[in-house]
Trainee: 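Got a structure for you, written out below as structure tokens; questions coming shortly.
Just so it is clear: chains get the letters A, B, ... in the order the sequence lines come, proteins before strands, and each one is counted from 1.
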Protein chains: 2
Amino acid sequence: MGTTQLETAPEPKYWHLKTVLSEALDSEFAVGEILPNERELAARFGVARATLRQALEQLELEGRLQRRRGVGTTVAPPRMGVAVDPARHTWPGAPGDDWQPLDAVETETVPAAVARLLESVPGDRVHIVRRSRVTGGQPVAAELLYVSSALVPARSTLTPLGAPARARAVLNALQESELEGQDRTVELGSACAQDAKELDRLPGAPVLVVTTRYVSGGRTAAVAVSTYRADTCRLTFGESDAVALLAG
Amino acid sequence: MGTTQLETAPEPKYWHLKTVLSEALDSEFAVGEILPNERELAARFGVARATLRQALEQLELEGRLQRRRGVGTTVAPPRMGVAVDPARHTWPGAPGDDWQPLDAVETETVPAAVARLLESVPGDRVHIVRRSRVTGGQPVAAELLYVSSALVPARSTLTPLGAPARARAVLNALQESELEGQDRTVELGSACAQDAKELDRLPGAPVLVVTTRYVSGGRTAAVAVSTYRADTCRLTFGESDAVALLAG
DNA sequence: TAGTGGTCTAGACCACTAT
DNA sequence: TAGTGGTCTAGACCACTAT
């Protein structure tokens, strides 16, 4: 009779709900369309609002829905393909790099993980360049780029400049250090308050954290921590953009 | 008086709780240690259990905690660095590839997104190889590798073989097609029931979905959809394993 | 069998958006 | 000001693990 061991456990309501909603999104809704509100959807499916919200949260995590407080829940467009390394090795500030420099500050306090990558010791000074990335009019990523002060002209040269110009000056200095390699990690994170604001999301929203280490002369010259919206972005890597183009 | 516009909004309880717990984890707990149970923690902090759970969920998402039903909540070890492309271009089944082939089936039904990447038309047959990846005794990823049947010897050659041998035969055929390039995407997903079972998680658990396209003779020879546990893995890319080694 | 995290309910109130 | 999603409560019961 095919006694399958584990099918005795009933499927949770929110999981079933997610499936039903997912199919409805495919067949009955267009991108951008507004769904009925949570109270009405919950009543329609005969579940508590919290249960309905569990299903919506999953669908938002998968990039199928977008929820905005005070506005409503809309059907999300397919995720954007975002090239993490547009050409093979695009250096910060070089042509093909579509990050916008915002400002730069010099400091001694960097996160422990970054200090480890930079092989810096307490007291070493570091420039932090803030950059943002916008695609299709929408913010997709925020970045903090940490550059060893050893590579950058003395502060006195920078201080008279405006914030974006100061940021560009640090990027230029980084490029002159003749970067020769990079490696990366990607992991799941949740947006801190500042990232959330820049990405137009609530704090805690899921993000893909890309940590890039730039190598120059065998040493780590800079570390970038880039925070991408996980709901709207699909990161693309590699030789061609074919995956990005086709999988849309 | 520094009237900051947005600081009027009070910090949610669960957010504050997350911060407090996070600091406690850093200073007062060792990896693997069991936390007090949810009912006790909620009472201790004077919040409802649901609120406490919101904080724990965030910490689990960030890889700080591991929760297991019937067992308890433990302090998670730092995420493992998992090399997505160990050497530059490691082909499926080649030396350096640490995926374990499980079995292989031939079918006509593939997900729409995969069919698009394979440029296959309805009726085209495809081999699906299931593989799994284990690191440090723990399952970290599950994969479905889709290979155009055009590249694989006739079915009659394969049927007498056992499941893992059949899978290896398909991988061998793929290697003989002289793969010459690959590109990838990474995005956030949630584990389907089958992946969840293989990864020892509950359905819906957050995963990093890596889609790899293997190119041979200018055409897409195969597509791999690999599902990594987002709680325990940090994906590493690039020339050296330095990031993986240092960021631990 | 006792203890754990997972699911679910039926409310209440709040922050935010748009009008 | 009305309507939305976000936060929070105080319960109940269930599935699972270990003993």
Trainee: Test salt bridge (charged side-chain N to carboxylate O under 4.0 Å, His left out) on E62(B) and R234(B); report intermediate values, then the result.
Mentor: CA-CA 11 Å; E62(B) 292 173 21; R234(B) 184 180 53 242; over 6 Å; no
Trainee: Between R68(A) and dT4(D), is there a contact of a side-chain N or O with OP1 or OP2 at under 4.0 Å?
Mentor: no
Trainee: What is the distance from CG of L56(B) to P of dT4(C), rounded to the nearest Å?
Mentor: 14 Å
Trainee: Quick check for you: to the nearest 0.5 Å, what is the distance between H16(A) atom NE2 and L21(A) atom CG?
Mentor: 10.0 Å
Trainee: Send over the distance from R39(A) CZ to dG11(C) P, rounded to a whole Å.
Mentor: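 It is 13 Å, rounded to the nearest whole Å.
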Trainee: Checking salt bridge (Lys or Arg N to Asp or Glu O under 4.0 Å) between E60(A) and each of R68(A), R53(A), K18(A), R201(A), which is the one that passes?
Mentor: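 Checked R68(A), R53(A), K18(A), R201(A) against E60(A); only one passes salt bridge (Lys or Arg N to Asp or Glu O under 4.0 Å): R201(A).
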Trainee: Just how far, in rounded Å, is C1' of dG6(C) from CD of Q58(A)?
Mentor: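 Going from CD in Q58(A) over to C1' in dG6(C) covers 13 Å.
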Trainee: Quick one: is T73(B) getting a side-chain N or O under 4.0 Å of the dG5(C) phosphate, OP1 or OP2?
Mentor: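 Answer is yes, contact under 4.0 Å.
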Trainee: L65(B) CG to dG6(C) C1': how many Å, rounded?
Mentor: 16 Å
Trainee: Given pairs defined as Watson-Crick or G-U wobble with both distances under 3.5 Å, what dot-bracket annotation applies to DNA chain C, with ( ) intrastrand, [ ] crossing, | other strand and . unpaired?
Mentor: ||||||||||||||||||.
Trainee: Restricting both atoms to N or O, compile the protein contacts to nucleotides 7-10 of chain C shorter than 3.5 Å, with distance only.
Mentor:
| residue | atom | partner | partner atom | Å |
| --- | --- | --- | --- | --- |
| dT7(C) | OP1 | Y14(A) | OH | 2.9 |
| dC8(C) | OP1 | K13(A) | N | 2.2 |
| dC8(C) | OP2 | Y14(A) | N | 3.2 |
| dT9(C) | OP1 | K13(A) | NZ | 2.8 |
| dT9(C) | OP2 | A48(A) | N | 2.7 |
| dT9(C) | OP2 | T51(A) | OG1 | 2.5 |

Trainee: List the steps and the verdict of side chain to side chain contact (heavy atoms under 4.5 Å, CB included) for V225(A) and T212(A).
Mentor: CA-CA 7 Å; V225(A) 179; T212(A) 307; over 6 Å; no
Trainee: Just do the side chain to side chain donor-acceptor pair (under 3.5 Å) check on T73(A) and R67(A) with the steps written out, would you?
Mentor: CA-CA 4 Å; T73(A) 301; R67(A) 299 189 290 170; 5.3 Å; no
Trainee: Out of V170(A), V223(A), L171(A), which residue meets the side-chain contact (heavy atoms from CB on, under 4.5 Å) rule with L145(A)?
Mentor: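 With L145(A) as partner, V170(A), V223(A), L171(A) yield a single side-chain contact (heavy atoms from CB on, under 4.5 Å), made by L171(A).
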Trainee: To the nearest angstrom, how far is R201(B) atom CZ from dC16(D) atom C1'?
Mentor: 14 Å
Trainee: Which whole-number value in Å describes the distance from E57(A) CD to dG5(D) P?
Mentor: 13 Å
Trainee: Mind listing the residues from residues 30-38 of chain B sitting with a heavy atom below 4.0 Å of DNA chain C? Number order is fine.
Mentor: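 Contacts with DNA chain C under 4.0 Å: N37(B), E38(B).
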Trainee: For A43(A), give me all partners under side-chain contact (heavy atoms from CB on, under 4.5 Å), at least two apart in sequence or on another chain.
Mentor: none
Trainee: Can you list everything that forms a side-chain contact (heavy atoms from CB on, under 4.5 Å) with T232(A)? Sequence neighbours excluded, please.
Mentor: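 T232(A) satisfies side-chain contact (heavy atoms from CB on, under 4.5 Å) with M80(A), Q138(A), R229(A) once adjacent residues are dropped.
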Trainee: Less than 4.0 angstrom from a charged side-chain N to a carboxylate O is my criterion; do D98(A) and R133(A) meet it?
Mentor: yes
Trainee: Using side-chain contact (heavy atoms from CB on, under 4.5 Å) as the criterion, list what pairs up with S226(B), not counting sequence neighbours.
Mentor: W99(B), E143(B), V210(B), A224(B), Y228(B)
Trainee: Checking R131(B) against D97(B) for the salt bridge (charged side-chain N to carboxylate O under 4.0 Å, His left out) test, could you report, in this order, the C-alpha distance in whole Å, the side-chain angles of both residues, the deciding distance, and whether it holds?
Mentor: CA-CA 11 Å; R131(B) 305 200 297 167; D97(B) 173 28; 2.7 Å; yes
